[in-house]
Amino acid sequence: MEFPVYIHVGSLRIHPHVLFEALSYFIGFRIYLWTRRPSGMSKLVSLQILAGTILGAAIGSKVLFWFEDPAATWAAFSQGHVLWGGKTIVGGLLGGLIGVELAKKWAGWKSSTGDDFAYPLLIGIAIGRIGCFLTGLDDHTYGTATTLFTGVDFGDGIMRHPTQLYEMAFLIVLGIVLYPLYRQSRASWKKEAAAVKVTESSASSTVTTSPAIVNEAATQQPKVSPDQAPLQNDPAGGYVSGRLFQWFMFGYLGFRLLIEFIKPTLHPYWGLNNIQLACIAGLLYYGWLLLKGRGDLLRRQTTSADIAKS
């Protein structure tokens with residue numbers, strides 16, 4: 001196999017990186033539109049969050065790349081050069097996260113939106129890595145030299161770790177492992193939608209009821225504090241919204257932290273490279289979210305049990 005492996009479509013000769021990067025964006029977005037759950041979000045809020053996502057991802061992917069070789073970046077900036085080339089997936093993911101959270105805060109949207117992005121991102125990254133592999137040495141995503149049977153000669157006569165294929169294999173496994181959480185997420189949304197319909201139906205049925213009857217019924221209902229109310233009627237069946245995306249990010253960042261040790265990039269930060277530092281920061285953040293969510297779930301279960309006994 002000779003790299004880059006150009007794709008021939010009729011008389012066209014398409015560079016693999018260009019083709020599969022475009023496909024990753026297109027297919028990932030189509031999967032998002034196909035699998036996203038209705039949320040009641042207005043078009044304006046949706047556009048604000050989308051803009052925050054895109055802007056944050058673009059900035060994050062570029063800024064993190066600049067820290068790959070800080071000396072070269074500083075030299076380029078000191079000479080007035082702008083480094084347009086290069087970007088990183090990890091920087092895009094973490095930058096997109098920051099952009100989403102800032103946009104949600106600005107728009108006043110408090111519900112989690114991450115679960116709808118987990119599989120579109122997973123599949124989109126896997127498709128994009130096909131182009132990285134077929135590009136070969138020019139893409140700079142290959143691994144260090146190896147004597148393992150998985151080694152690939154990308155054109156320089158050295159058998160190297162095909163880290164792009166390792167990542168694709170990992171994403172397939174991660175997608176399978178996360179599928180039960182995906183089903184829980186979908187079931188949670190369906191139960192929430194059904195609960196909303198029941199509430200609306202009950203509210204409409206009280207319109208023709210006399211105020212005295214309504215007041216009497218209200219006084220007979222057990223009083224529940226605001227933080228206990230969602231626990232008493234938890235339609236999620238124990239699923240915490242956003243958990244799917246959190247596990248996706250935790251798994252992917254953990255993989256990237258490890259795989260970067262077999263990439264021939266600079267490791268100027270105490271034996272680590274720029275991507276590994278970002279992965280550690282992301283793992284700490286998502287680890288905290290997962291532990292916090294676990295604690296909230298245990299608290300909910302305890303509160304529900306107490307309410308049932310009372």
Side-chain angles (χ1 to χ4, degrees), residues 28-57 60 92-124 178-203 224-253 282 285-301 303-304:
F29 185 63
R30 295 306 302 177
I31 292 174
Y32 167 74
L33 294 178
W34 177 45
T35 60
R36 67 175 176 173
R37 302 160 299 173
S39 61
M41 185 184 298
S42 67
K43 290 185 178 179
L44 177 60
V45 173
S46 179
L47 288 174
Q48 288 173 336
I49 293 178
L50 179 62
T53 305
I54 295 174
L55 183 61
L93 289 174
L94 296 179
L97 165 69
I98 296 173
V100 165
E101 294 304 322
L102 291 176
K104 285 168 60 177
K105 186 174 182 180
W106 182 39
W109 187 262
K110 297 182 179 180
S111 299
S112 175
T113 56
D115 284 350
D116 290 335
F117 290 96
Y119 273 92
L121 284 171
L122 188 151
I123 295 172
L178 292 180
Y179 186 69
L181 273 180
Y182 172 79
R183 295 189 62 180
Q184 289 181 31
S185 174
R186 303 299 295 185
S188 168
W189 166 73
K190 291 179 181 178
K191 290 180 180 179
E192 288 174 358
V196 170
K197 289 183 179 179
V198 171
T199 302
E200 292 175 349
S201 177
S202 300
V224 183
S225 63
D227 63 328
Q228 293 175 345
L231 312 180
Q232 193 177 26
N233 301 297
D234 180 16
Y239 178 80
V240 179
S241 181
R243 181 60 58 87
L244 173 63
F245 184 75
Q246 292 166 10
W247 275 116
F248 161 70
M249 288 292 290
F250 191 84
Y252 182 73
L253 293 175
Y285 174 71
Y286 282 105
W288 171 75
L289 285 181
L290 289 168
L291 289 175
K292 180 176 179 293
R294 178 62 178 171
D296 291 344
L297 179 59
L298 292 175
R299 180 182 60 84
R300 291 163 62 175
Q301 292 173 343
T303 305
S304 299

Practice problem: State, yes or no, whether a side-chain contact exists between Tyr179 and Tyr119 at a heavy-atom distance under 4.5 Å. | Solution: yes
Quiz item: What's the spacing between Arg30 CZ and Ile123 CD1 if we round to 0.5 Å?
Solution: 14.0 Å
Practice problem: Not counting sequence neighbours, which residues clear ring-ring contact (aromatic ring centres under 6.0 Å, His included) with Tyr286? List them please. | Solution: none
Self-check item: Atom pair CZ (Phe245) and CG (Leu121), whose distance is rounded to the nearest 0.5 Å
Solution: 6.0 Å
May I have the list of side-chain donor-acceptor pairs in residues 92-112 shorter than 3.5 Å, sequence neighbours left out?
from: Lys104; atom 1: NZ; to: Ser111; atom 2: O; distance (Å): 3.1
from: Trp109; atom 1: NE1; to: Ser111; atom 2: O; distance (Å): 3.3

Practice problem: Under the side chain to side chain contact (heavy atoms under 4.5 Å, CB included) rule, collect the residues that match up with Leu181, sequence neighbours excluded. | Solution: Leu178, Gln184, Tyr239, Arg243, Leu244, Trp247
Exercise. List the atom of Pro120, the atom of Thr35, and the distance in Å for their closest heavy-atom pair.
Key: CG-OG1, 4.4 Å
Practice problem: Only pairs at least two apart or in different chains count here, so list each salt bridge (Lys or Arg N to Asp or Glu O under 4.0 Å) that has a residue in residues 37-52. | Solution: Arg37-Asp116
Quiz prompt | Set of residues satisfying side chain to side chain contact (heavy atoms under 4.5 Å, CB included) with respect to Ser42, sequence neighbours excluded | solution = Leu44, Val45
Quiz item: Between Ser185 and Asp115, which heavy-atom pair has the shortest distance, and what is it?
Solution: OG-OD2, 3.3 Å
Quiz prompt | From Gln246 atom CD to Leu290 atom CG, the distance as rounded to the nearest 0.5 Å | solution = 5.0 Å
Exercise. Under the ring-ring contact (aromatic ring centres under 6.0 Å, His included) rule, collect the residues that match up with Phe117, sequence neighbours excluded.
Key: Tyr32
